[in-house]
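All ligand and atom numbering here is 1-based and tracks the order in the structure.
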Amino acid sequence: MTFTAFLIKYAEIGIKGKNRFLFEDALVKQIRRALRQTEGEFTVSKASGRIYVEAEGDYDYEELMEALQRVFGIAAICPVVQIQDQGYEDLARQVVSYVEQMVPDKKITFKVDARRSNKHYPKNSMELNADLGEEILKAFPEIRVDVHKPDMMLHVEIRENVINIYSRAIPGPGGMPVGTNGKAMLLLSGGIDSPVAGYMIAKRGVKIDAVYFHAPPYTSERAKQKVVDLAKLVSRYSGPVNLHIVNFTDIQLYIYEKCPHEELTIIMRRYMMRIAEEIAKQTDCLGLITGESIGQVASQTVQSLAATNAVCTMPVFRPVIGFDKQEIVDVALKIGTYETSVLPYEDCCTIFVAKHPVTKPNIKVIQASERNLEEKIEEMVRIAVETAETVWCK
Ligand code: ATP
Ligand code: MG
């Protein structure tokens, strides 16, 4: 059966009271954005608490489903047959024809779930359930009713200006539409964890920008391109990402020259956070996002996280903080970032990494080491922020 219309069901945004229309409008906007990435032409409309997608002409069903399954805020996508009210006889015929086409093998159980929001319709919901059920039983001798666990739940919605018939619900990604919850800055490396972190925060409706610390010539153009590619993969869910590429080489070399090598990673990470926060402030972001997970590496012990966090004034969102590596990998595989993340290009942190990094840094000691940087560091940070290159990833 070829469908031309889809009913979009949303979950959480349904409970936002008076602000509900803001959420619906954001969802419509995100659906339109996702559909622009497909071949077909579609109309997206909002009608009395319902969002519909209608295909105008040919389209690829699989491609459409994939695009909609990347739109946060969608709980389910229901391919729907929409008819006009031409009396009960016509409705009964259309419902029987729907079952005929949808269920090749009629040895199934079903239940009719009729809803009537048009209170002028001559039959109420109970009558519709009973009468339509009977029509179906009459038409297909092998079919059975099961009101508890039907194979097919047949929804018939009598609305003011249209009648919807549907039985299938393809799950969406859940979450909230991007744009309903402010904006945050993702520290995006070429690894597995940070793209997943960005995805998870975008899923809560947060728009994201990203910052990448690049250290040429220690890190190559290929490593940078990999991060651009990752930002593009994340943008399929989050919408366009402004990726700020910061040249971090001079700062890294300066830290390497002036500070104890076992503290390098921690001090470097503290400067990454400071710079990311500075760019975040300039771009209206209200928080930072990292892919940190407790205990994963020396710089992610609770003590290290505390030392890194101490330089931030903005909230830092660490959505994978309690995940095991495998749990993060599972999400990366699901969202399609894993393959790119595991490409073996060098990372700016690994090049300057010490053989025995501190795992329990003492903030006072770290601050004392950072005083060795006083002469030049402020100016270097200013230059790093000012010379950041911005790449629009979509
Ligand atoms: P990932 O897989 O995300 O790279 P990781 O396990 O390699 O994480 P770290 O290298 O300690 O862990 O980085 C922790 C977090 O710091 C990353 O998830 C990311 O948010 C941020 N980060 C690390 N390196 C960079 C970088 N070069 N540019 C931007 N952010 C970075
Ligand atoms: Mg990394």
How far apart are the closest heavy atoms of Ala92 and Leu132, and which atoms are they?
CA-CD2, 3.8 Å
Using distance alone, decide if ligand 1 has a nitrogen or oxygen within less than 3.5 Å of any nitrogen or oxygen in [X].
X      : answer
Pro195 : no
Ser189 : yes
Thr290 : no
Val297 : no
Met272 : no

With atoms numbered from 1 as shown, which atoms in ligand 1 lie under 4.0 angstrom from a non-hydrogen atom of [X]?
X      : value
Val211 : 29 (C)
Ile192 : 2 (O)
Leu188 : 28 (N), 29 (C), 30 (N)
Gln300 : 9 (P), 11 (O), 12 (O), 13 (O), 14 (C)
Gly191 : 1 (P), 2 (O), 4 (O)
Gly291 : 17 (C), 18 (O), 20 (O)

Which is closest to atom 3 (O) of ligand 1 by heavy-atom distance: Ser304, Ala197, Ser194?
Ser194
Only heavy atoms count here, so choose which of His214, Gln296, Lys325 is nearest to atom 6 (O) of ligand 1.
Gln296
Over 60° means perpendicular and under 30° means parallel, so classify the ring planes of Tyr256 and His261, tilted if in between.
parallel
Does only the side chain of [X] get under 4.0 Å from ligand 1, or the backbone, or both, or neither? Count heavy atoms.
X      : value
Leu186 : neither
Ser299 : side chain
Val227 : neither

Can you see whether Tyr52 has Lys46 sitting over its ring - NZ or CZ less than 6.0 Å from the centre and within 45° of the normal?
no
Any cation-pi pair here, Arg20 with Phe23, using under 6.0 Å and within 45°?
no
Verify the ring-centre separation between Phe72 and Tyr199: is it less than 6.0 angstrom?
yes
With a 6.0 Å cut-off (strictly less than), is the heavy-atom count around CD of Glu378, excluding the residue itself, greater than 12?
no
Tyr338 atom OH, over 12 foreign heavy atoms within 6.0 Å
no
Do the side chain of Lys394 and the main chain of Gly239 share a donor and acceptor less than 3.5 angstrom apart?
no
Can Glu24 and Arg50 be counted as an ion pair, charged N to O under 4.0 angstrom?
no
Contacts of Asp229 that satisfy side chain to side chain contact (heavy atoms under 4.5 Å, CB included) - sequence neighbours left out:
Gln225, Thr340
